[in-house]
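Chain identifiers are assigned alphabetically (A, B, ...) following the order of the sequence lines, protein sequences preceding nucleic acid strands; residue numbering begins at 1 within each chain.
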Amino acid sequence: MASIRKSGGDNLLVRYIILVSWTLVCVVPILWFLTIGFRPRTEIIVPEPIYWPTWSLDAWRLLVSDWPIALYLRNSVVAVAGSVVIDLVLAIPAAFALARYEFKGREDIGFYILSTRMMAPAIVAVPIFFLFRNIGLLDSVWALMLIYAAINLSLVTWIIRSYMLDIPKELEDAARTDGAGDLTILWEIMIPACLPGIITAAVIAAIFAINEFLFTLLIASTSKAYTMSVALANFTGGSDGVIYNAIALVSFIAFAPILILVILIQKHLSRGLTMGAVKG
Amino acid sequence: MASILLKNVVKSFGSFVGVQDMNLDVVDEEFLVLLGPSGCGKTTTMRMIAGLEHPTEGEIRIGGALMNDIDARDRDVAMVFQGYALYPNMSIYENIRFPLRMRQVPKAKHDDLIRRAAEMVELGPFLDRKPGALSGGQRQRAALARAIVRQPQVFLMDEPLSNLDAKLRASMRVQIKHMQRELKVTTVYVTHDQIEAMTLADRIVIMNKGVIQQIGTPDDIYSNPANTFVAGFIGSPPMNLIAGTAQNGTFSAAGVKVPCPASLSGNITLGIRPEDCQVGGDNLQGQVYGVEPTGDITYLTVRTANKNIEIKAGREFRAPIDSAIAVGFDTTRLYFFGEDGNRVGVK
């Protein structure tokens, strides 16, 4: 017994060493990156790295005074949040119908919806550009909202559908015999019961939308409609050459919300990602 | 409070026929149990009464009114499900309140009705909890409270006890029966557990492969099984069925010889209940295959001609395996079934 326990202890130690090392591998670059944003510009272009930073808010001041970061952030938030709302409003009833109603071609429609995800976005880039030009929505954050919603709608529908398939049919039968109609069942039973799935889908859609680059670049022809992802790519720090500490800070600002979202829902995230793929 | 009538009801799923030409009359205030193995169509029958499935053919009436085209939500039936089906996001109080809200019962009455229903199933202290914070038995009681709160015309119960452990099942059984008598609501109860059926039912309907095998009181079903299916399904252990031949008033099979009505001849199956056999006698010769003492009774399995016969022997009975044994039958309690499985030779 003693030897078993001892080897168990050894295992634990080995495990901790591996986990701690891996954590460092993952976290240190992020922290290093963050410190760059809070160092003076001169400290990061020296040949020998300086490990302990001299804290400085230079980059932050530069950002706030010279660069419309507030506008870009606002554009990101408006386009992403709006697209997620549109997705949920459309996807929840669609998912309910695909999960619960029996109608001809149900599986085909489900597959078609998913198949829109399989296409390379570049294929539709040109048509979409002309479409939005013709309806006069170029260079507008509303256009981005619509595009993000369209891109993610299939995925959101599919994830919510998978969660709905997991809700026992009995619940719905019970509600029906209790006197509830379809809308009541959707609103009072299904949505609350698969709320984790809806939140997961919303967060995944938000992450994809925040990171969306191609269509944003295409639609936002001037910086008026830039979101963080495109603004970041165009950002060099100003007229004085490439300013790395400002870039690092902007990158971190763009990255932080996603990190926070992922940490908040990490328990559901892997399930959400695999379920849409596996169940059908 | 209403009668239920099923007339020539058929339910098919594609080419598979789930329920075949079913005729059933459930009397007002009756406790009717649908009993059968899984896949026999009992749950489908119940779901058709609830309005969750639509019959392919035939008529369903509740309280005399034709229900075929009436939605589940508009039939005044309450259903209790095997998996409880409590709404997980609502408290027990809200769960019980849900049918009242859906049926536009005046709000002022809600609290009183909910508390009375909860009292009835002894769930008063748990009303604020979510279903997840209750035990299985409490959840099923909450589901019962949700069913009784709006005093429906009909209760439908789909294996409500099968997720509970044996002890809890026994106490819930008594509670359900008591409640049904008190509320006087016509009840249809689906189960595959014959003990539940025997203890709860006013009448039992035994089904197999979508066809009603027999309808009768528990006593009737036990003492006068209509065919080999019913005989082999009811009883624990079930009736022994021995295939053999009848000739000149004697039934014989390998190792078995008993008198039978003189009218019988040809291939006949003999049925004898384990409690109607005793050790010692001259009806069956065989070897002891197994002895299982349980305290109040000893189950003895006798093997004869590649067939095992179950016998309820006295509590003291013990015998070594493979020893020769002679068994006697109570010849006033023999059952004979013809080649089609139906009972024959009834006086």
Step-by-step side chain to side chain contact (heavy atoms under 4.5 Å, CB included) determination, A:D173 to B:R47: CA-CA 9 Å; A:D173 288 342; B:R47 290 175 63 83; 2.7 Å; yes
Full working for side chain to side chain contact (heavy atoms under 4.5 Å, CB included) between A:D178 and B:R73: CA-CA 6 Å; A:D178 280 346; B:R73 56 188 294 204; over 6 Å; no
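Note: A:A175 leads A:P192, A:P168, A:A175 in heavy-atom pairs under 4.5 Å with chain B.
A:L183 CG: 12 or fewer foreign heavy atoms inside a 6.0 Å radius. Atom CG of B:D128 has 12 or fewer heavy atoms from other residues, nucleotides or ligands within 6.0 Å. Surrounding OH of A:Y16 are at most 12 heavy atoms belonging to other residues, nucleotides or ligands under 6.0 Å away. Other residues, nucleotides and ligands contribute over 12 non-hydrogen atoms within 6.0 Å of the NZ atom of B:K177. For A:Y112, the OH atom sits in a loose shell: 12 or fewer heavy atoms of surrounding residues, nucleotides or ligands are nearer than 6.0 Å. Enclosure of atom CZ in A:F213 by more than 12 non-hydrogen atoms of other residues, nucleotides or ligands within 6.0 angstrom is indicated.
Within residues 74-96 of chain B, the residues having any heavy atom under 4.5 Å from a heavy atom of chain A are, by residue number, B:V77, B:M79, B:F81, B:Q82, B:G83, B:Y84, B:A85, B:L86, B:Y87, B:P88, B:N89, B:M90. Contacts from residues 98-108 of chain B to chain A, taken as heavy-atom pairs separated by less than 4.5 Å, involve B:F98, B:P99, B:R101, B:M102, B:R103 in sequence order.
The side-chain hydrogen bond (donor to acceptor under 3.5 Å, both in side chains) search around A:E102 returns none, not counting sequence neighbours. With sequence neighbours left out, B:R181 forms a side-chain hydrogen bond (donor to acceptor under 3.5 Å, both in side chains) with B:D202.
Using a 4.5 Å cut-off between heavy atoms, A:E188 contacts chain B through both its backbone and its side chain. At a 4.5 Å heavy-atom cutoff, the contact between A:T177 and chain B is made by backbone and side-chain atoms alike.
The shortest distance between side-chain heavy atoms of B:L52 and A:R176 falls below 4.5 Å.
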